[in-house]
Amino acid sequence: MRKKFSVILSALMILTVGAFYFVGSYFVDFALKRDNSTDPKTPPPATLNIADPNLKAPAPPDFNSTIWTLESFDGLQLHATYFEPEEKNHRWAILVHGYGRDQRFAFDYAEEYLKHGYNVLTPDLRASGTSDGEYLTMGAYEGRDVADWAKKISERDPQAKIILHGVSMGAATVMISSALDPANVVAVVEDCGYTNAYDMFTAQLEKIFGLPEFPVMYAANSVCKIKTGIFISDANPLDSVTKTKVPTLFIHGDKDELVPYEMLQKLFDASNAPEKEIWTVEGAGHADAKPKDPSEYFRRVFNFIDKYTS
């Protein structure tokens with residue numbers, strides 16, 4: 001009898017673990033893995049639920065440009081475009097795109113930075129655009145990659161003063177990067193970044209699928225570690241901002257339905273940046289702070305960052 005019970009219990013445990021892995025694997029692939037069914041450069045399927053599929057990429061800035069490459073710490077070939085301003089100088093900006101996008105979606109930001117006299121680098125994050133990689137890590141590994149891009153700039157221009165500016169997942173990425181004390185980075189602009197990728201996905205899981213955090217996010221977090229080497233919860237800007245050593249501008253729309261607006265205050269309060277500012281854009285949804293009022297957006301951005309790059 002005991003032996004029979006033991007066999008049944010073991011079978012139930014195997015089924016439970018199998019179901020746990022299946023659920024976690026489905027979510028990780030849905031949210032983080034490139035959709036390779038038709039095109040290996042296609043973003044994760046969840047992009048259709050989270051990002052506006054009708055948003056068209058801006059045209060590239062009309063400035064001289066060259067393609068840069070970088071080998072990541074784990075052997076991926078990463079690509080970026082360097083845009084050169086009209087006059088040579090040591091002011092730089094690394095502009096970081098959001099979830100399910102690629103560097104093209106930073107081109108309109110690049111245009112303004114270039115007109116303002118900055119050298120601009122627009123990377124394709126890992127598993128995005130023309131860069132290698134199978135899985136997004138929501139800023140955890142991407143933050144290390146951006147720090148390496150800053151190092152590459154500094155090797156070419158030892159006097160460089162670098163701004164990191166990211167939107168959405170790009171904002172999470174630059175916050176995580178700033179905690180790594182990247183070379184010659186003097187300030188950060190984070191626009192609608194989340195406190196933790198786990199918390200952001202938990203909110204979307206309930207909104208899109210009507211599913212609770214347990215067991216789906218518990219399973220996804222564990223399976224993500226198996227598939228990518230890190231947990232979803234390792235993408236943790238809330239922890240990173242406590243370690244940053246550079247001034248930071250925090251921007252968020254109060255009508256953001258993707259990354260909850262209350263995350264803005266949590267990030268700002270936790271930040272140990274030597275100088276920090278917060279700007280709430282009234283009526284703006286997710287990543288809509290710039291489209292809402294481009295002139296005011298860049299006025300505030302440049303008023304904040306120029307004093308660190310002059």
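We use all heavy atoms of the structure for the numbers below, so side chains are in, but hydrogens, waters and symmetry mates are not.
Residues Thr244 and Ser271 share a closest heavy-atom pair of CG2-OG, 4.1 Å. Ser168 and Gly98 get closest at one heavy-atom pair: CB-CA, 4.4 Å. When all heavy atoms of Cys224 and Leu32 are compared, the pair lying nearest together is SG-CD1, 3.9 Å. When all heavy atoms of Ala110 and Pro61 are compared, the closest pair comes out as CB-CG, 3.9 Å. Nearest heavy-atom pair, Ser25 versus Lys227, reported as atom, atom and distance to 0.1 Å: OG-NZ, 2.7 Å. Annotation for Ala183 and Ala150: closest pair O-CB, 3.7 Å, computed over non-hydrogen atoms.
A distance of 5.5 Å separates CH2 of Trp279 from CZ of Arg300, quoted to the nearest 0.5 Å. Atoms CG and CG, on Asp288 and Asp293 in that order, are 12.5 Å from each other to the nearest 0.5 Å. Atom CG of Leu238 and atom CE of Met263 lie 9.0 Å apart (nearest 0.5 Å). With values rounded to the nearest 0.5 angstrom, Leu125 atom CG is found 12.0 Å from Leu76 atom CG. The line from OG of Ser222 to CE of Met217 is 10.0 Å long, rounded to the nearest 0.5 Å. The line from CG of Asn184 to CD1 of Ile153 is 9.0 Å long, rounded to the nearest 0.5 Å.
We find that Glu296 and Arg299 are joined by a salt bridge, their nearest charged nitrogen and carboxylate oxygen being less than 4.0 Å apart. The residues Arg34 and Glu134 are annotated as not salt-bridged, no charged nitrogen and carboxylate oxygen being separated by less than 4.0 angstrom. Ionic pairing of Asp74 and Arg126 is present here: one or more N-O contacts between side-chain nitrogen and carboxylate oxygen are shorter than 4.0 angstrom. Under a 4.0 Å N-O distance rule, the pair Arg91/Asp306 qualifies as a salt bridge.
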Is there a side chain to side chain contact (heavy atoms under 4.5 Å, CB included) between Leu164 and Val96 once you walk through the steps? CA-CA 8 Å; Leu164 304 182; Val96 187; 5.9 Å; no

Next item on the list: Please lay out, stage by stage, how Phe231 and Lys225 fare under the test side chain to side chain contact (heavy atoms under 4.5 Å, CB included).
Entry: CA-CA 5 Å; Phe231 296 105; Lys225 177 71 172 178; 3.6 Å; yes

Take Trp149 and Tyr82 through the test ring-ring contact (aromatic ring centres under 6.0 Å, His included) and record every step on the way to the result. CA-CA 11 Å; Trp149 282 118; Tyr82 163 58; over 10 Å; no

* Intermediate values then yes/no, side chain to side chain contact (heavy atoms under 4.5 Å, CB included), Phe27 and Val223 -> CA-CA 9 Å; Phe27 180 83; Val223 174; over 6 Å; no

* **Residues Ser154, Ile162; criterion side chain to side chain contact (heavy atoms under 4.5 Å, CB included); working and verdict** => CA-CA 9 Å; Ser154 300; Ile162 304 170; 3.8 Å; yes

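Taken together through direct or relayed side-chain contacts under 4.5 Å among Ile, Leu, Val, Met, Phe, Trp and Tyr, Val188 and Tyr308 form parts of separate hydrophobic clusters. Leu180 and Ile230 are assigned to two separate hydrophobic clusters, defined by single-linkage of ILVMFWY side chains at heavy-atom distances under 4.5 Å. Connection of Val146 to Ile163 is not established within any shared hydrophobic cluster, with ILVMFWY side chains joined at heavy-atom distances below 4.5 Å, either directly or through further cluster members. In this structure, Leu55 is not a member of the same hydrophobic cluster as Tyr297, with clusters built from ILVMFWY side-chain heavy atoms closer than 4.5 Å. Criterion: ILVMFWY side-chain heavy atoms under 4.5 Å apart, direct or through other members. Under it, Met169 and Val174 are part of a common hydrophobic cluster.
Donor-acceptor pairing under 3.5 Å is lacking for the side chains of Thr122 and Tyr109. Tyr198 and Asp234 share no donor-acceptor pair across their side chains, judged by distance under 3.5 Å alone. Between the side chains of Asp124 and His79, no donor N or O sits under 3.5 Å from an acceptor N or O. At a cut-off of 3.5 Å, with distance as the only test, no side-chain donor of Glu112 or Tyr118 sits close to an acceptor on the other residue.
Centroid-to-centroid, the aromatic rings of Tyr135 and Tyr141 stay 6.0 Å apart or farther. Side-chain rings of Phe83 and Tyr113 stay apart, their centers remaining 6.0 Å or farther from each other.
Within the 4.5 Å cutoff, no side-chain heavy atoms of Glu142 are placed close to those of Ile176. Using a 4.5 Å cut-off on side-chain heavy atoms (C-beta onward), Gln265 and Ile278 make contact.
With hydrogens and angles disregarded, no donor-acceptor distance shorter than 3.5 Å links the side chain of Asn272 to the backbone of Lys243. In this structure, Asn89 contributes its side chain and Glu87 its backbone to a donor-acceptor pair below 3.5 Å. Remark: the backbone N or O of Phe298 is not paired with any side-chain donor or acceptor of Lys290 at under 3.5 angstrom. A donor-acceptor pair under 3.5 Å is formed between the side chain of Lys307 and the backbone N or O of Asn303. In this structure, the side chain of Lys33 does not engage the main chain of Val28 through any donor-acceptor pair within 3.5 Å.
By the neighbour-count criterion of 12 heavy atoms within 6.0 Å, atom NZ of Lys151 is sparsely surrounded, having that number or fewer from other residues, nucleotides or ligands. Atom CD of Gln77 has more than 12 heavy atoms from other residues, nucleotides or ligands within 6.0 Å.
Scored by the salt bridge (charged side-chain N to carboxylate O under 4.0 Å, His left out) test, Asp102 finds Arg104 as partners (sequence neighbours excluded).
Seen from the ring of Trp68, Arg156 counts as a face-on cation partner, given the 6.0 Å and 45° thresholds. Cation-pi geometry between Lys276 and Phe268 is satisfied (NZ or CZ under 6.0 Å from the ring centre, within 45° of the ring normal).
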Report, one line per pair, each donor and acceptor closer than 3.5 Å where one atom sits in a side chain of residues 252-260; sequence neighbours left out.
from   : atom 1 : to     : atom 2 : distance (Å)
His252 : NE2    : Asp256 : OD2    : 3.0
His252 : NE2    : Val259 : O      : 3.1
Asp254 : OD1    : Gly283 : N      : 2.7
Asp256 : OD1    : Leu258 : N      : 2.8
Asp256 : OD1    : Val259 : N      : 2.9
Asp256 : OD1    : His286 : ND1    : 3.2
Asp256 : OD2    : His286 : ND1    : 2.8

